[in-house]
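Below is one structure; the comments refer to it alone.
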Amino acid sequence: MSVLRTLQFFLLAFGPMVGHAQFNDKGTFHVAVGVGLGGHATEYEQTVTLLNVPFTTRKTDGAATVTFPIEAQYGITRSFSLGLYIEPGRYLDSTDSKSNSIALLGIQPRFYVINKDRFALLASLQVGSTDLRINEDRPGVNSTAQYRGGSFGLGAGAVIQFSDVVGIQFHLRYIGNRLKLKDYDLNGSNVDLGTFKAELNTRGVVGQLSLGLRF
């Protein structure tokens with residue numbers, strides 16, 4: 001009889017916890033590494049000042065990115081986690097220069113809309129900075145432009161857990177960047193940014209597939 005009473009006590013005390021396990025919970029630690037493919041609309045504006053007279057030109061174009069997001073999250077509550085991300089990769093514009101590079105870094109809050117043990121749906125924000133290096137090598141022009149600025153993203157994702165630790169994540173993200181020219185070398189000479197200014201704004205969508213670990 002004492003064994004039966006002990007079993008009944010265990011089921012009453014711990015049964016709700018076992019039956020309602022969560023993918024994210026307070027104190028849960030998540031790590032994910034993946035690949036992201038993105039398409040972006042770009043707006044480029046440059047201003048050249050001659051004899052104190054500014055001349056501004058604008059151009060719209062498109063670009064693609066291949067990035068490798070590395071993310072870490074910590075559960076603050078069952079429905080909310082906070083983390084960091086770093087996302088290095090390649091940036092391909094209309095010049096099709098494969099040596100272009102991009103890196104994003106920032107904080108990433110996540111909100112869990114559906115939060116089961118082996119499945120979750122979530123919404124996320126990304127707030128941080130972006131570094132972009134664009135190289136151009138064509139007849140008469142050999143240049144390197146370094147851009148830097150802020151980035152903001154919104155995302156939605158789904159998580160499928162194969163075990164208590166290992167799972168796979170799918171994310172679809174909107175990301176916008178506002179980047180100012182910080183350094184410019186043209187044909188071996190550094191250009192004076194007091195008379196030459198440029199800004200590159202991008203808006204795009206990134207699809208991301210990641211391998212996730214939960215601890």
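Keep in mind that the numbers below use all heavy atoms, side chains included, and drop hydrogens, waters and symmetry copies. Only a predicted model underlies this, so the values are computations on that prediction, with no experimental measurement involved.
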Considering only NZ, NE, NH1 and NH2 on the basic side and carboxylate oxygens on the acidic side, decide whether E45 and K180 come within less than 4.0 Å. no

Quiz question: by atom type and distance under 3.5 Å, do the side chains of N190 and D183 form a donor-acceptor pair? yes

Please name the pair of heavy atoms, one in L179 and one in N201, separated by the smallest distance, quoted to 0.1 Å. N-OD1, 4.0 Å

What is the distance from atom CG of N115 to atom OG of S79, rounded to the nearest 0.5 Å? 8.0 Å

Would you check, one step at a time, whether the test side-chain contact (heavy atoms from CB on, under 4.5 Å) holds for L122 with V113? CA-CA 5 Å; L122 57 92; V113 181; 6.0 Å; no

Shortest non-hydrogen contact from A145 to L181? CB-CD1, 3.8 Å

Any side-chain heavy-atom pair from S81 and Y112 closer than 4.5 angstrom? yes

May I ask you to decide whether E43 forms a salt bridge with R203, counting only side-chain N to carboxylate O separations under 4.0 Å? yes

Using a strict threshold of under 4.0 Å (side-chain N to carboxylate O), is an ion pair present between D25 and R214? no

Go through R118 and D164 one step at a time and tell me if the salt bridge (charged side-chain N to carboxylate O under 4.0 Å, His left out) criterion holds. CA-CA 8 Å; R118 298 297 173 92; D164 289 342; 3.2 Å; yes

For A198 and Y147, work out which heavy atoms get closest and say how close. CB-OH, 4.3 Å

Just so I know, are the side chains of T42 and Y44 near enough to count as touching, which here means a heavy-atom distance under 4.5 Å? no

Can you tell if the side chain of L132 reaches within under 4.5 Å of the side chain of Q146, non-hydrogen atoms only? no

Yes or no on side-chain contact (heavy atoms from CB on, under 4.5 Å) for L172 and Y174, after CA distance, side-chain angles and deciding distance? CA-CA 7 Å; L172 188 64; Y174 164 85; over 6 Å; no

Under 4.5 Å between side-chain heavy atoms, hopping through other hydrophobics if needed: is there a path connecting F170 to F162? yes

If two hydrophobic side chains count as joined below 4.5 Å and joins carry through other members, does L193 share a cluster with V141? yes

I would like to know whether N100 and L92 meet side-chain contact (heavy atoms from CB on, under 4.5 Å); could you show each step before the answer? CA-CA 7 Å; N100 294 343; L92 295 176; 5.7 Å; no

Closest approach of Q108 to E71 (non-hydrogen atoms, all atoms of both residues): NE2-OE2, 3.3 Å

Does a donor on one side chain and an acceptor on the other come within less than 3.5 Å for T130 and N177? yes

Look at the rings of Y184 and F196 and say which category their plane angle falls in: under 30° parallel, 30 to 60° tilted, over 60° perpendicular. parallel

For this output row, return yes or no: ring centroids of Y74 and H30 closer than 6.0 angstrom. no

Correct closest heavy-atom pair for I175 and Q126 would be CD1-OE1, 4.0 Å

CD/E136 to CG/L186 distance, rounded to the nearest 0.5 angstrom? 9.0 Å

Measuring from atom OG of S189 to atom CG of N142, what distance do you get when rounded to the nearest 0.5 angstrom? 11.0 Å

If you measure only the distance, is there a donor-acceptor pair under 3.5 Å linking the side chains of T195 and T49? no

Can a donor-acceptor pair be found, under 3.5 Å and without considering hydrogens, that links the side chain of Q161 to the backbone of S163? yes

Is any side-chain heavy atom of V205 closer than 4.5 Å to a side-chain heavy atom of R173? no

Could you see if I107 belongs to whatever hydrophobic cluster contains L154? Use Ile, Leu, Val, Met, Phe, Trp, Tyr and a side-chain cutoff under 4.5 Å. yes

Same cluster for V206 and L105 if Ile/Leu/Val/Met/Phe/Trp/Tyr side chains link at under 4.5 Å? no

Counting C-beta onward and ignoring hydrogens, is there a side-chain heavy-atom pair between Y91 and S101 closer than 4.5 Å? no

About how many Å separate CG of D93 and OG1 of T65, when rounded to the nearest 0.5 Å? 12.0 Å

Less than 4.5 Å apart, any side-chain heavy atom of V31 and any of F29? yes

For side-chain contact (heavy atoms from CB on, under 4.5 Å), just list the numbers for I86 and L104, CA-CA rounded to whole Å, side-chain angles, deciding distance to a tenth of an Å, and then say yes or no. CA-CA 6 Å; I86 181 170; L104 297 86; over 6 Å; no

Is any side-chain heavy atom of T56 closer than 4.5 Å to one of T47? yes

Ignoring hydrogens and angles, state whether a donor on the side chain of Q208 or S210 is under 3.5 Å from an acceptor on the partner side chain. yes

Minimum-distance pair of heavy atoms, taken over all atoms of R90 and S99: NH1-O, 3.6 Å

Out of curiosity, does Y85 fall in the hydrophobic cluster containing V159 (side-chain heavy atoms, cut-off under 4.5 Å, transitive links)? no

Ignoring hydrogens and geometry beyond distance, is a side-chain donor-acceptor pair present between T144 and D185 at under 3.5 Å? no

Value rounded to 0.5 Å, distance of CD1 in I160 from CD in Q169: 10.5 Å

Flag side-chain contact, heavy atom, 4.5 Å: I70 against L84: no

Evaluate the salt bridge (charged side-chain N to carboxylate O under 4.0 Å, His left out) criterion for residues E199 and R58: first the C-alpha distance (whole Å), next the side-chain angles of each, then the deciding distance (0.1 Å), finally the verdict. CA-CA 10 Å; E199 182 173 295; R58 296 178 178 86; over 6 Å; no

Hey, what do you get for CZ (R133) to CZ (R148), rounding to the nearest 0.5 Å? 11.0 Å

